[in-house]
Amino acid sequence: MPTIEQVVQRDICVGCGACQFVTRGEIQVRRNTLGYYSADLSHARPRSLATASRVCPFSNESRNEDDIAAAVFPAELKNDPRTGKYLSIAAARTTDDDYLRGSSSGGLTSWILIKLLESGHIDGVIHVGQGGDGLFSYRISRSRQELTARRKSIYYSTSFNTALQSIHGDGQRYALVGVPCFIKSARLLCMEDPVLASQLAYFIGLVCGHLKSAAFAELLAWQCGISPDELTAVDFRVKQPGQDAGRYSFGARAGKDTSEWTTRPTSQLLGGNWGHGMFQLNACNYCDDIFAETADLVLGDAWLPQYRSDWRGTNLILCRNALIQQLIDDGAAIGELFIQPLSVAQAASSQAGNFRHRHEGLALRLADDQNAGHWVPNKRVTPDHNVVGNRRRELIRRRRELSRASHELFAEAREQGSLALFIDRITPLVQRYEKYKAASLPRRLLGLAKRRIQLILS
Ligand SMILES: Cc1cc2nc3c(=O)[nH]c(=O)nc-3n(C[C@H](O)[C@H](O)[C@H](O)COP(=O)(O)OP(=O)(O)OC[C@H]3O[C@@H](n4cnc5c(N)ncnc54)[C@H](O)[C@@H]3O)c2cc1C
Ligand code: SF4
Ligand code: SF4
């Protein structure tokens, strides 16, 4: 039996849409009532399931990140098990402070897309922006104006099938932007479809902690006084001049005609703490690719002490493509970019939380699942109950519990039109998580953590 069936049955589907694309719609990928995309395999013939399983990032019939990277990158690239292959690693930001205000981090992602477009290497960009099906969806941008308008990190479930279908066979070349699992499935699609392979010229990855369902945007907006039905736009990363780069705010807008945004610091909103994993897709519990190991360029935030205090934001970039490297070097030479080389150890330490969740956390979750008799996908991390001590083990399990419960509880609260219902029901789970978190924190940080969580829940 192709394991894509297990992927869907166990809710490990991330909703990328690769199976829909490769089966020409025999498999449908739709947004479900919990606010995330997932595949419906019920009308797929056995042969189609076998094909779809080869492009599904979580099935056992698809090639893993190491195999894909070996096939698509030159052998001479450096390699490290923490990051995958790389040509260079750096901290970077554009030097235009006005431009930076409209980007999530150092603005390099949109900057490189504009360079690729304006130097004629591509005709368009396939990336996520406002509008379409839901608040955000995959869009095609063909100009500097469109690329500049569609910036910032989109913590929202999307699917790329419709966008890929719309460009397939049009004879033009594109860059695709995506989180690591989407880049992986697009690479796998190119191995099945030579036309698509000739069109997807560059793969631009985003470092990824986890992906959220639509409920994340709705919960944060609701706390800003805008109910899910009124919500028309959100901004997940409003920069705060003078503050630490990580202390960004969340913005929400109601109605179609108003340009008025309501903004609140994300850290003061329930659900805004990434450690709680609220509305995280279950797929992310089974992911071991932090640095988009199959992308030509991957960009994230350089969460290192020397950059964190700069409110403008600073990217962490890992490059695996010589032409992109040349464009970045040229940008630095003419003063458009600030660049500082980083070591692979610095890159890894800037994503320390991601490593805890995706390496030791993954080892434990796989072992727990196997113990419970559940199918798990093959991963590059070995299942292991003893990878962490007792306290950390409980913390990882509580986070999973909180994350799982958040989806259903929010759907019910939304149905009843009651934010209070969600807060009442999720609070005991947050407190339980925080209890274990406190037990694993150094004493000096304990008081601080307690005060912060009391403030949010009050
Ligand atoms: C779900 C998610 C989780 C992330 N987790 C982490 C993390 O744990 N650690 C970390 O260091 N960085 C993480 N990032 C990356 C980080 O938030 C920034 O997106 C990244 O640093 C790029 O910033 P920038 O200023 O260069 O981008 P900008 O100049 O603001 O441009 C952003 C570009 O990315 C595109 N884009 C945004 N979101 C998506 C999406 N979901 N799918 C496809 N295209 C998209 C936009 O369309 C735009 O082209 C995450 C991003 C996402 C979307
Ligand atoms: S993860 Fe992607 S390819 Fe796999 S079942 Fe879900 S939508 Fe299809
Ligand atoms: S954490 Fe992994 S599975 Fe989840 S969205 Fe990011 S890359 Fe995909």
Side-chain angles (χ1 to χ4, degrees), residues 2 4 7-8 13-31 37-41 43-45 47-59 61-63 68 71-72 112-114 116-117 120-134 136-143 146-147 150 154 157-206 292 294-297 321 323-324:
I4 191 170
V7 170
V8 173
C13 166
V14 78
C16 64
C19 55
Q20 184 170 5
F21 183 88
V22 83
T23 63
R24 295 168 193 267
E26 208 171 299
I27 293 173
Q28 287 284 310
V29 180
R30 301 186 199 92
R31 188 174 285 130
Y37 281 90
S38 62
D40 172 2
L41 308 180
H43 300 293
R45 291 165 297 174
R47 227 178 117 178
S48 303
L49 287 176
T51 312
S53 226
R54 291 199 298 273
V55 300
C56 174
F58 292 97
S59 83
E61 290 75 35
S62 63
R63 300 168 78 168
I68 300 169
V72 301
I112 196 70
L113 295 170
I114 292 170
L116 285 168
L117 185 73
H121 294 290
I122 53 172
D123 304 292
V125 173
I126 307 164
H127 62 151
V128 174
Q130 262 194 19
D133 177 19
F136 298 97
S137 61
Y138 262 92
R139 315 297 302 263
I140 317 289
S141 292
R142 298 181 187 276
S143 66
E146 284 177 327
L147 286 171
R150 293 174 179 150
I154 316 297
S157 169
T158 58
S159 193
F160 58 34
N161 169 65
T162 309
L164 292 187
Q165 288 289 355
S166 75
I167 59 102
H168 191 237
D170 72 3
Q172 301 205 315
R173 283 160 60 87
Y174 297 87
L176 174 78
V177 187
V179 290
C181 57
F182 277 54
I183 297 292
K184 178 184 177 187
S185 62
R187 286 281 196 191
L188 292 166
L189 274 179
C190 289
M191 291 172 177
E192 297 287 327
D193 185 327
V195 173
L196 190 67
S198 69
Q199 293 188 263
L200 295 188
Y202 298 97
F203 295 80
I204 308 297
L206 298 171
T294 65
D296 294 306
L297 175 71
N321 178 288
L323 182 127
I324 291 178

Test side-chain contact (heavy atoms from CB on, under 4.5 Å) applied to T23 - qualifying residues, sequence neighbours left out: E26, I27, S48, A52
Gap between atom CG of L113 and atom CG of L297 - 0.5 Å precision: 9.0 Å
OH on Y174 to CD1 on I167, rounded to 0.5 Å: 5.5 Å
Donor-acceptor pair, side chain of S62 and main chain of C56, under 3.5 angstrom: yes
Closest contact, heavy atoms only, V7 versus F58: CG2-O, 3.5 Å
Non-hydrogen atoms of L206 and P180 that approach each other most closely: O-CD, 3.0 Å
Nearest heavy-atom neighbours spanning R150 and I140: NH1-O, 3.3 Å
Contact summary for V8 and A39, nearest pair of heavy atoms: CG1-O, 3.3 Å
Check: I4 and E61 side chains under 4.5 Å, non-hydrogen atoms: no
Distance, nearest 0.5 Å, that separates NZ of K184 from CZ of R63: 11.5 Å
Flag side-chain contact, heavy atom, 4.5 Å: N161 against F21: yes
Non-hydrogen side-chain atoms of T51 and R54 separated by less than 4.5 Å: yes
Main-chain N/O of P57 paired with S185 side-chain donor or acceptor, under 3.5 Å: no
Euclidean distance, I154 CD1 relative to H127 NE2, rounded to 0.5 Å: 9.5 Å
Heavy-atom side-chain proximity of Q199 to D170 below 4.5 angstrom: yes
Under 3.5 Å donor-acceptor, D296 side chain and F203 backbone: yes
Reported CZ-to-OG distance for the pair R31 and S159, which is rounded to 0.5 angstrom: 9.0 Å
side-chain contact (heavy atoms from CB on, under 4.5 Å) between I183 and L176, intermediate numbers included: CA-CA 8 Å; I183 297 292; L176 174 78; 4.3 Å; yes
Backbone N/O of G15 and side chain of S38: donor-acceptor pair under 3.5 Å: no
Within-4.5 Å side-chain heavy-atom neighbours: I204 and V125: no
Minimum-distance pair of heavy atoms, taken over all atoms of A201 and I122: CB-CG2, 4.3 Å
Between R187 and T294, a side-chain donor and acceptor under 3.5 Å: no
Distance-only side-chain donor-acceptor flag, D133 / Y37, under 3.5 Å: yes
Parallel, tilted or perpendicular: ring planes of Y138 versus F182, cut at 30 and 60 degrees: parallel
Check: L188 and I68 side chains under 4.5 Å, non-hydrogen atoms: yes
Minimum side-chain heavy-atom gap Q172-R142 below 4.5 Å: yes
Backbone N/O of A163 and side chain of S166: donor-acceptor pair under 3.5 Å: yes
Which atom of I324 lies closest to which atom of N321, heavy atoms considered: N-OD1, 3.0 Å
R139 (side chain) donor-acceptor with Q130 (main chain) under 3.5 angstrom: yes
N/O donor-acceptor pair under 3.5 Å between Q20 side chain and V29 backbone: yes
Under 3.5 Å: donor-acceptor pair, side chain of Y202, backbone of V177: no
Distance in Å, L200 CG paired with H168 NE2, rounded so as to fall on 0.5 Å steps: 9.0 Å
